[in-house]
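One structure below.
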Amino acid sequence: MGEWMHGLPVVWMAIVVFLATYLVTGCIYALVIAAAKGERARAFKAVSPGMLPPLGIIFGLFVAFLASQAWSDLDRAQAAVTHEASALRGALLLIGSFPGEPEARMKRLIRLQIEQAVTQEWPAMSRHRATLTMVPPPLAEALQLTFALEPRTDGQVAAQREIVVALGNALDARRQRIIVSESGVNWVKWTSVILQAICAMVAIALVHSDNRVAAAIAMGLFATGVAVSIVLVVSHSGPFSGEISVGPDLLLQVLPRAP
């Protein structure tokens with residue numbers, strides 16, 4: 001699905017999907033009923049109703065696979081942001097062992113990193129355009145600052161070591177969320193699901209071609225199920241885009257106050 005679809009609120013997304021699904025269903029119904037005359041009507045009735053359960057099961061399996069991928073990506077994105085926020089919070093707490101200029105500079109760098117993540121990286125991730133081509137300057141400078149510290153006590157030595165670990169974890173978590181932001185349901189999978197749904201609706205129309213009311217009811221019910229399934233997957237298929245997505249709230253919670 002296009003970026004414009006992910007950017008819609010869930011209500012409008014549902015309206016678009018339901019209208020498109022019912023429109024396609026109506027076209028299939030009209031074409032089959034119009035063609036069900038004479039010899040073609042007898043051929044349509046010869047289609048076995050036993051085709052319907054396998055077609056429905058295959059469609060259900062396709063939807064289950066897509067939903068599993070979408071929810072897995074969402075969970076991975078949430079875990080990456082949680083780990084990043086925890087790592088940055090740990091670095092902020094540990095830098096307190098070096099009061100004065102080092103502490104103030106570290107807090108400034110982490111604040112700058114979080115602000116850049118919120119204002120630059122999140123919009124890029126929502127459009128699947130975030131890359132790993134460069135290390136974020138604030139975190140790189142924070143690592144350099146940590147290596148340049150001159151610990152004088154055993155506690156400061158341990159704190160310096162743990163700050164390096166925390167910043168490394170923050171970098172790794174950032175890489176993970178950018179990687180997850182590139183994932184999504186590709187066009188091949190969507191095409192397979194839509195074609196499978198169309199095949200099932202055509203089969204329903206053929207089986208009930210001698211009874212227009214029964215055909216309309218059966219196709220309407222199946223079309224509703226198809227639309228609900230598509231809305232469910234689309235609304236969750238962008239880990240960092242759309243109304244149901246992972247936001248930078250956790251990072252903002254650990255944002256150091258400006259001096």
Side-chain angles (χ1 to χ4, degrees), residues 1-29 51-83 121-131 173 175-205 216-250:
M1 296 290 175
E3 292 179 6
W4 68 272
M5 179 67 82
H6 289 104
L8 292 175
V10 175
V11 173
W12 282 106
M13 183 187 298
I15 292 173
V16 171
V17 172
F18 272 81
L19 287 177
T21 304
Y22 288 143
L23 177 62
V24 173
T25 303
C27 292
I28 295 173
Y29 171 83
M51 291 180 57
L52 301 183
L55 290 173
I57 291 172
I58 294 173
F59 175 77
L61 289 174
F62 282 176
V63 171
F65 291 149
L66 296 190
S68 176
Q69 176 188 338
W71 290 328
S72 175
D73 290 342
L74 201 62
D75 290 341
R76 289 167 56 205
Q78 185 65 60
V81 175
T82 301
H83 292 159
E121 294 181 0
W122 242 265
M125 290 190 301
S126 69
R127 298 190 297 270
H128 302 281
R129 294 176 183 172
T131 64
R175 284 193 294 268
Q176 292 302 318
R177 66 171 164 81
I178 291 178
I179 291 171
V180 174
S181 72
E182 294 298 315
S183 64
V185 181
N186 59 48
W187 69 271
V188 176
K189 296 177 182 178
W190 278 121
T191 302
S192 300
V193 170
I194 293 172
L195 288 179
Q196 183 64 30
I198 291 175
C199 289
M201 282 192 282
V202 170
I204 293 172
I217 293 174
M219 294 180 69
L221 290 174
F222 187 75
T224 301
V226 170
V228 170
S229 301
I230 292 176
V231 171
L232 178 66
V233 176
V234 174
S235 62
H236 291 80
S237 62
F240 295 99
S241 59
E243 188 174 344
I244 302 176
S245 60
V246 178
D249 298 341
L250 289 177

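These numbers come from the heavy atoms of this one structure, side chains and all, not from hydrogens, waters or symmetry mates. Residue numbers start at 1 and run along the sequence shown. Everything quoted here is computed from the prediction, not taken from an experiment.
The heavy-atom pair separating A77 from F240 by the smallest distance is CB-CZ, 3.5 Å. Pairing each heavy atom of A223 with each of M201, the nearest pair is CB-SD, 4.2 Å. Nearest heavy atom pair, residue F222 against residue A197, reads CE2-O, 3.7 Å. Summarising the geometry of D73 relative to P239, their closest heavy-atom pair is CB-CG, 3.8 Å, with the distance given to 0.1 Å.
Using a 4.5 Å cut-off on side-chain heavy atoms (C-beta onward), V193 and F65 make no contact. Side chains of L74 and V246 form a contact here, defined as non-hydrogen atoms less than 4.5 Å apart. In this structure, the side chains of Q78 and L250 come closer than 4.5 Å at one or more pairs of heavy atoms. Using a 4.5 Å heavy-atom cutoff, the side chains of R177 and E121 are in contact. Side-chain atoms of L232 and W71, non-hydrogen and from C-beta on, do get closer than 4.5 Å to each other.
Atom CD1 of I179 is separated from atom CD of Q176 by 5.0 Å, given to the nearest 0.5 angstrom. How far OG of S192 is from CG of N186: 8.5 Å, rounded to the nearest 0.5 Å. Atom CZ of R129 and atom OG of S181 lie 12.5 Å apart (nearest 0.5 Å). The distance from atom CD of E243 to atom CE of M13, rounded to the nearest 0.5 Å, is 8.0 Å. In this structure, I217 CD1 and I204 CD1 are separated by 12.5 Å, a value rounded to the nearest 0.5 Å. Taking CD1 from I194 and CD1 from I230, the interatomic distance works out to 5.5 Å, rounded to the nearest 0.5 Å.
Scanning for side chain to side chain donor-acceptor pair (under 3.5 Å) contacts around S245 gives an empty result, with sequence neighbours left out. Taking the side-chain contact (heavy atoms from CB on, under 4.5 Å) definition, one finds that E182 meets it with H128, sequence neighbours left out. Under the rule for a side chain to side chain donor-acceptor pair (under 3.5 Å), Q196 has no partner lying at least two apart in sequence or in another chain.
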Could you give the side-chain donor-acceptor pairs of residues 16-28 under 3.5 Å, partners two or more places apart or in another chain?
| from | atom 1 | to | atom 2 | distance (Å) |
| --- | --- | --- | --- | --- |
| T21 | OG1 | V17 | O | 2.7 |
| Y22 | OH | T224 | OG1 | 2.8 |
| T25 | OG1 | T21 | O | 2.7 |

Could you go through residues 52-64 and list every donor-acceptor pair under 3.5 Å that involves a side-chain atom there, pairing it with any protein atom two or more places apart or in another chain?
none

What's the verdict on side chain to side chain contact (heavy atoms under 4.5 Å, CB included) for S229 and V226, showing C-alpha distance, side-chain angles and the deciding distance?
CA-CA 5 Å; S229 301; V226 170; 5.8 Å; no
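Proximity of a side-chain donor or acceptor of S72 to a complementary backbone N or O of Q69 within less than 3.5 Å is not detected.
Pairs of residues two or more places apart, or lying in two chains, never qualify as side-chain hydrogen bond (donor to acceptor under 3.5 Å, both in side chains) while including a residue from residues 56-68.
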